Amino acid sequence: MPSNYNPAEIEPKWQKKWADDRLYHVFEDSTKPKWYALTMFPYTSGDLHIGHWYAMAPSDVHARFKRMQGYNVLHPMGFDAFGLPAENAALKHGIHPHEWTMRNVENMRRQLKTIGAVYDWDREVITCLPDYYKWTQWFFVKLFQAGLAYRSQAPVNWCSNCNVVLANEQVVNGGCWRCDTPVIRRDLKQWFLKITHYADELMEHEGLDWPEKIKTMQKNWVGRSEGAEIHFGIERSDIDEKGVKAFTTRPDTVFGITYVVMAPEHPLVEKLTTKEKAEEVKAYVERTRKRTEIERVSTEKEKDGVFIGAYLTNHVNGEKVPVWIADYVLLSYGTGMVMGVPAHDDRDFAFARKYGIPVRVVIAPPDWEGEDLEEAFTQDGVMVNSGHFNGLPSEKGRKEVTRYLENKGWGRFAVSYKLRDWLISRQRYWGAPIPIIHCDNCGTLPVPEHELPVLLPSDAEFKATGESPLKYNEEFINTTCHKCKSPAKRETDTMDTFMCSSWYFLRYTSPGFDDGPFDPDRMKYWMPVDLYTGGAEHAVMHLFYSRFFTKALRDMGLVDFDEPFLKLFNQGTIIVDRQKMSKSRGNVINPDTLLSSMGADVVRAYLMFVAPWEQGGEWNDSGISGINRWLNRIWNLINNQYKPAENLNNDALKTFERQLHQTISKVTHDINDIRFNTMLSTLMEFTNYLGRVKESGSVPFQNWQEAIKKLLLMLAPSAPHMTEELWQQLGYEYSVHTQKWPEWDENKAKEEEITLVVQVNGKLRGKINLPVNVSKDEALKSAMEAERIKPFIEGKKVVDMIYVPGRVINLVVK
RNA sequence: GCCGGGGUGGCGGAAUGGCAGACGCAGCGGACUUAAAAUCCGCCGGAUUAAAAUCCGUGUGGGUUCGAAUCCCACCCCCGGCACCA
């Protein structure tokens, strides 16, 4: 009596057996090539939704495929467990962040297990546990010792809702990346990591198989521009400074400078401002301070500014140029001051018009005869009104002028970057404490290695006041200086959670290792990651930071590679009702209920089938039933006895073999190239074909059984539970997941007959079947003689014949 | 504004210079059933048509080619990213 496909019964059964047998236990096996397949680990938000499945299930399919191909595959899973939501939940519900987080870990681990992935849970990593964050702190100390971590007073991004500072990368459209609250500027003493040290290297993606999009985003984020720093003279007896610098990419326009603009926060503004202007300037600076980043950088807003009464000397022509301040000039970029060349910059042009500042043309537009400009001319041209540089093309002028300035001591070649150092201190509780002590005698000292971890006290009051909760924990804050033994204070800020995720992929290679963050030998065996999959939203956050970490570790001699992730793949997003899934919209698809009705295998396959993985797709309840029907069809195909017909012929068998081998070839290519949707449709087509063969019984039992076996092997990565069950029913040796991936025979896959499309004047008029080795002349002859074609060429002159072997014949007639 | 990606039946999508719409969903018709569900079979871009067949059809307009969804130019729309970076 054939059984029914009942995933609710077989899936838990096999998951338990695989776990009991440690089927997916991974160790360093030097006899096999290694494959490190990494999926971005989830944040411990509480519930796994279908979006998580969309990230995890297809990557598991690919990892399983690699296993069957003979690779020693590491495909680990863990939890990004520090972070604000834990603290917010604590404030809201009165649960301790640790308890909230670990409860979520429990639940999510349970849910992750239902996916049926090859995760080796012995390698699980949880970033909020002391045996992990000890090493996060250790890395901080190493970075500090290498001169890559420093503390500095600076204007920083502040989210007034989260009560915390944000790194530049975490400000999205002028708002907080978590809650969208517009960020404001605050002057605070903060810890930074010197990511700018690697600016040039981070722009390069040499040898990396990454999406163009991400590479471009990272390049733009670094924002390298070449130009010059130009000095201006301060000729004032009441001021010590003799000069001030501006950065420009257009040194060829220095003769066109008619004013300069400083950022309102520029340190010289107060000194330079004249008495008469003091009040006006002060008001403008105040207003700038209060503005959110969004208001300040909005391109919609008309630029405004204030003349501060002072003048600087433009060395190239000795002119005195007025000094303005305007909030569109940012202290954080370049030198915090720009030269104003209205004739050749759109912003300067608008600014000069508004305030009646003269416009002087120094790069002649084509056919220019000295008339006033209607708009700024920003392209290249010939230099005019520029002393002895007149007549020089502006492109050359950029170099010549800079060289001239350098000789005179009035400037130099310079490179400027948009990238800022990574701000990593956070004024919150739920993070790894920064392992630093402040001693009145010895200054700022890193905690010695043997004293790590600096444990996060469990009894801190975590009110979101904008100050570090640890500040008020006497027991935590008071310590002894290990150098001079006098009382000292601990640093009370915690680290950005992106610190934790910048090295977790190294920890997976040797979890539990006690003598360092990772076992150097095992790390060397597995790293770098061969395939990293996850969302594109981490382009200039996690992915960027991880590359920085790797390069810093390389320079410390801890790793010997330059890049952590060789191939990167970004999956798309699953949407519901044309919207992104989210709790607040109430459109979250809960995998748990799907599992009881259809099973994990159906959900896995549906997610891969719905659209190309990189594109993402819409969740559709009736769409998934198509996959459910298909898996049931396979189940029934195998559970109902196959009966060969009485008279078998060899041609039918040849066709059968050809179908099988073509399927293996197509499926292998598709799964290898991460084209899961077409891989599954190929398997569906083959299933439909097998259904017809079964009806006719046209091949011997032996061949049928062999084809079924290969079908199961090809389906095993996608539907691991069902195939394991059927594999066992057919009496094959446990487990289907330790079998070899089937191979195809090119000879058996080859077509014996080809179908040639026959066109007349480019229009399809018929098809002819011919042997594979047909000659050109024979093919053309057959085409002209075909019944369907004759009417179209009769009475006309054939002027050309195009023949593409195996594909098409095109008869051009007049 | 700039930089990516995209626009194909009722829907998700396939085909990246050679048969447009594979595969699946939905729909329609039929078989089985007392009936329904499930399953199986057939049809399923539009127009003309009894049918055969023909014509039209891949965002819009042009071009290259024997031949274009695919390549080139211009434009429109959608999605993602960046956006006073001097």
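Given the structure is predicted, the values throughout are model-derived calculations rather than measurements.
Using a 4.0 Å heavy-atom cutoff across all strands shown, P612(A) reaches sugar-phosphate atoms only and no base atom. The residue K213(A) sits close only to the backbone: its heavy atoms come under 4.0 Å of sugar-phosphate atoms, none of a base. Within the nucleic acid shown, Y606(A) has no heavy atom closer than 4.0 Å to any nucleic acid atom. If you check every strand for non-hydrogen atoms under 4.0 Å, D345(A) touches nothing. Note on N810(A): a base of the nucleic acid sits closer than 4.0 angstrom, heavy atoms only. Within 4.0 Å of N636(A), counting heavy atoms only, lies no atom of the nucleic acid at all. At a threshold of 4.0 angstrom between heavy atoms, the contacts of E685(A) are confined to the sugar-phosphate backbone, with no base atom among them.
For L764(A), taking side-chain heavy atoms from C-beta onward, the closest of the listed nucleotides rC84(B), rC25(B), rA20(B) is rA20(B). Checked against rA86(B), rG18(B), rA15(B), the side chain of T678(A) finds its nearest nucleotide in rA15(B). Residue T249(A) has its side chain nearest to rA86(B) when only rG24(B), rC19(B), rA86(B) are considered. Considering only the side chain of S622(A), rA26(B) comes nearest among rG24(B), rC55(B), rA26(B). For S625(A), counting side-chain heavy atoms from C-beta on, the closest listed nucleotide (rC25(B), rA86(B), rC3(B)) is rC25(B). Comparing rG18(B), rG24(B), rG12(B) by their closest approach to the side chain of V610(A) singles out rG12(B). For K763(A), whose side chain is taken as the heavy atoms from C-beta onward, the closest listed nucleotide among rC25(B), rC56(B), rA86(B) is rC56(B). Between rC66(B), rG13(B), rC84(B), one nucleotide has an atom nearer to the side chain of D327(A) than all others, and that is rC84(B). Closest to the R807(A) side chain, of the nucleotides rA22(B), rC66(B), rG18(B), is rG18(B).
The separation of rA38(B) from rG6(B), taken at their P atoms, amounts to 38 Å, rounded to a whole angstrom. Here, rC71(B) and rC2(B) have their C1' atoms 25 Å apart, quoted to the whole Å. The separation of rU8(B) from rG63(B), taken at their P atoms, amounts to 24 Å, rounded to a whole angstrom. Of the C1' atoms belonging to rG10(B) and rC28(B), the separation is 13 Å, rounded to the nearest Å. As rounded to the nearest Å, rC77(B) and rC66(B) have C1' atoms that lie 34 Å from one another. A gap of 10 Å separates the P atoms of rG7(B) and rG13(B), to the nearest Å.
Between D777(A) and K781(A) there is no salt bridge, since no side-chain nitrogen of the basic residue lies less than 4.0 Å from a carboxylate oxygen of the acidic one. Under a 4.0 Å N-O distance rule, the pair D380(A)/R398(A) qualifies as a salt bridge. A salt bridge does not link E778(A) with K776(A): every distance from a Lys NZ or Arg NE/NH1/NH2 to an Asp or Glu carboxylate oxygen is 4.0 Å or more.
The residue from E212(A), R547(A), K215(A), K219(A) that alone fulfils the side chain to side chain donor-acceptor pair (under 3.5 Å) condition with H205(A) is R547(A).
You'll find the ring centres of W324(A) and Y355(A) inside the 6.0 Å limit. Residues Y606(A) and W619(A) bring their aromatic ring centres within 6.0 Å. Not less than 6.0 angstrom separates the ring centroid of Y333(A) from the ring centroid of Y417(A). You'll find the ring centres of W613(A) and F569(A) inside the 6.0 Å limit.
The partner of rU39(B), taking Watson-Crick or G-U wobble pairs whose two distances both stay under 3.5 Å, is rA31(B). With a cut-off of 3.5 Å on both Watson-Crick or G-U wobble distances, the partner of rC2(B) is given as rG81(B).
For the OP1/OP2 pair of rC25(B) and a distance below 4.0 Å, the side-chain nitrogens and oxygens of R629(A) include at least one atom meeting the criterion. Residue R765(A) places at least one side-chain N or O closer than 4.0 Å to OP1 or OP2 of rC55(B). Using a 4.0 Å cut-off, some side-chain N or O of R633(A) falls inside it from OP1 or OP2 of rG24(B). Q759(A) has no side-chain polar atom (N or O) that falls below the 4.0 Å cut-off from OP1 or OP2 of rC66(B). For rA83(B), one of the phosphate oxygens OP1 or OP2 lies less than 4.0 angstrom from a side-chain nitrogen or oxygen of K418(A). Distances shown here put every side-chain N or O of N570(A) at or beyond 4.0 Å from the OP1 or OP2 atom of rG80(B). Contact check, N677(A) against rA14(B): a side-chain N or O comes under 4.0 Å of OP1 or OP2. Between R347(A) and the phosphate of rC85(B), there is a side-chain N or O to OP1/OP2 separation shorter than 4.0 Å. For rA86(B), the OP1/OP2 oxygens have a side-chain nitrogen or oxygen of S225(A) closer than 4.0 Å.
Taking atom CD of residue E614(A) and atom C1' of nucleotide rG6(B), one finds them 12 Å apart after rounding to whole Å. Rounded to an integer number of Å, the gap from CD of E618(A) to P of rA26(B) is 15 Å. In this entry the distance linking CD1 of I802(A) with C1' of rU65(B) reads 10 Å, nearest Å. Taking atom CG on N628(A) and atom P on rA38(B), their separation rounds to 11 Å, with Å as the unit. Taking atom CE of M608(A) as the reference point, atom P of rC23(B) lies 19 Å away to the nearest angstrom. The separation between D670(A) atom CG and rA22(B) atom P is 17 Å, rounded to whole Å.
Using a 90° window around 0 for the glycosidic torsion, rG7(B) falls outside it and is classed as anti.
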